[in-house]
Amino acid sequence: MFRLALAVALISSPALAQVASVAGTDGQNALGTVPCAANAGDPLQSCHAELRRHDEGNITLAVGLGGGQVRNIYFKDGVPESSSSTSKMSYETRGDLLVIYIDPGEVYEIPKAALSSQ
């Protein structure tokens with residue numbers, strides 16, 4: 001019985017449930033969620049996001065952080081170039097994810113496929 005309870009606890013763990021999802025698209029732009037953390041030490045949570053494609057390979061990802069706060073991340077040819085924050089931004093690739101860090105503790109996990117040219 002203990003093993004069953006442990007398995008159910010692991011399956012329902014929020015840490016395992018944080019993946020990007022698409023709720024709607026018009027073939028170019030998309031609405032959905034991305035895993036994010038707004039503050040250092042916070043666990044990843046599902047944040048509402050909008051991906052907007054522009055001319056010449058530019059993409060804007062708008063992520064709702066709660067409390068009316070939105071973080072815009074600007075991409076050129078699938079690479080994050082800047083954000084709406086004045087803080088330092090860095091990124092790394094982990095398999096098929098692009099993990100973006102904005103000081104002091106924001107984290108965003110974006111599937112690389114979402115940023116590929118169409």
Side-chain angles (χ1 to χ4, degrees):
M1 186 62 154
F2 175 75
R3 281 186 247 168
L4 177 62
L6 180 60
V8 169
L10 286 175
I11 290 171
S12 64
S13 169
L16 296 176
Q18 305 311 316
V19 295
S21 66
V22 175
T25 183
D26 63 4
Q28 181 175 354
N29 303 307
L31 296 172
T33 62
V34 296
C36 79
N39 300 299
D42 285 355
L44 290 176
Q45 60 183 1
S46 290
C47 296
H48 295 286
E50 179 181 5
L51 186 104
R52 296 182 297 249
R53 295 181 183 280
H54 308 285
D55 295 333
E56 301 164 6
N58 295 324
I59 296 173
T60 301
L61 179 68
V63 181
L65 300 176
Q69 187 178 12
V70 175
R71 176 68 64 230
N72 290 313
I73 303 172
Y74 307 102
F75 298 84
K76 174 74 173 171
D77 298 322
V79 177
E81 287 196 327
S82 63
S83 78
S84 58
S85 172
T86 58
S87 298
K88 179 185 172 206
M89 181 178 72
S90 61
Y91 68 94
E92 68 181 5
T93 300
R94 288 190 204 156
D96 63 350
L97 289 177
L98 188 64
V99 183
I100 300 168
Y101 305 96
I102 299 176
D103 288 345
E106 295 177 31
V107 180
Y108 306 89
E109 293 185 352
I110 316 301
K112 290 191 301 186
L115 302 170
S116 63
S117 57
Q118 298 199 351

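Nothing here was measured: the structure is a model prediction, and the numbers come from that model.
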Checklist entry - What residue among V34, V99, L98 forms side chain to side chain contact (heavy atoms under 4.5 Å, CB included) with E109? => result V99
Checklist entry - Heavy atoms, side chains only, cut-off 4.5 Å: are M89 and P80 in contact? => result yes
Item to check | Side-chain heavy atoms of V79 within contact of Y91, under 4.5 Å | outcome: yes
Next on the checklist: Please give me the minimum heavy-atom distance between C47 and G64, naming the atom from each residue.
Outcome noted: CB-O, 3.4 Å
Checklist entry - What do the steps show when you test S84 against R71 for side chain to side chain donor-acceptor pair (under 3.5 Å), and what is the final call? => result CA-CA 6 Å; S84 58; R71 176 68 64 230; 3.1 Å; yes
Item to check | Side chain to side chain, L65 and C36, heavy atoms closer than 4.5 Å | outcome: yes
Checklist entry - Should Y74 and L61 be marked as a side-chain contact (heavy atoms from CB on, under 4.5 Å) after you check the CA-CA gap, both sets of side-chain angles, and the distance that decides it? => result CA-CA 6 Å; Y74 307 102; L61 179 68; over 6 Å; no
Item to check | Test item: I102 and Y108 side chains (from C-beta on) under 4.5 Å apart, heavy atoms | outcome: yes
Checklist outcome for this item: Between A40 and P104 the two heavy atoms that sit nearest each other are CB-O, 4.2 Å
Item to check | Donor-acceptor contact present, side-chain S83 to main-chain I73, <3.5 Å | outcome: no
Next on the checklist: Run the side-chain contact (heavy atoms from CB on, under 4.5 Å) test on Y101 and K88 for me, step by step, so that the C-alpha distance in whole Å, both residues' side-chain angles and the decisive distance to 0.1 Å come before the verdict.
Outcome noted: CA-CA 8 Å; Y101 305 96; K88 179 185 172 206; over 6 Å; no
Next on the checklist: Main chain of E56, side chain of K76: is a donor-acceptor contact present, judged purely on distance under 3.5 Å?
Outcome noted: yes
Item to check | Option among I110, I59, L31 that satisfies the side chain to side chain contact (heavy atoms under 4.5 Å, CB included) test with L51 | outcome: I59
Item to check | Pairwise distance CD(E50) to CG(N72) - rounded to 0.5 angstrom | outcome: 9.5 Å
Checklist entry - Under a 4.5 Å cut-off applied to non-hydrogen side-chain atoms, are V107 and I100 in contact? => result no
Checklist entry - Can any side-chain N or O of N29 pair as donor or acceptor with the backbone N or O of R53 at less than 3.5 Å? => result yes
Checklist entry - Sub-3.5 Å donor-acceptor pair from the side chain of K112 to the main-chain atoms of R94, do we have one? => result no
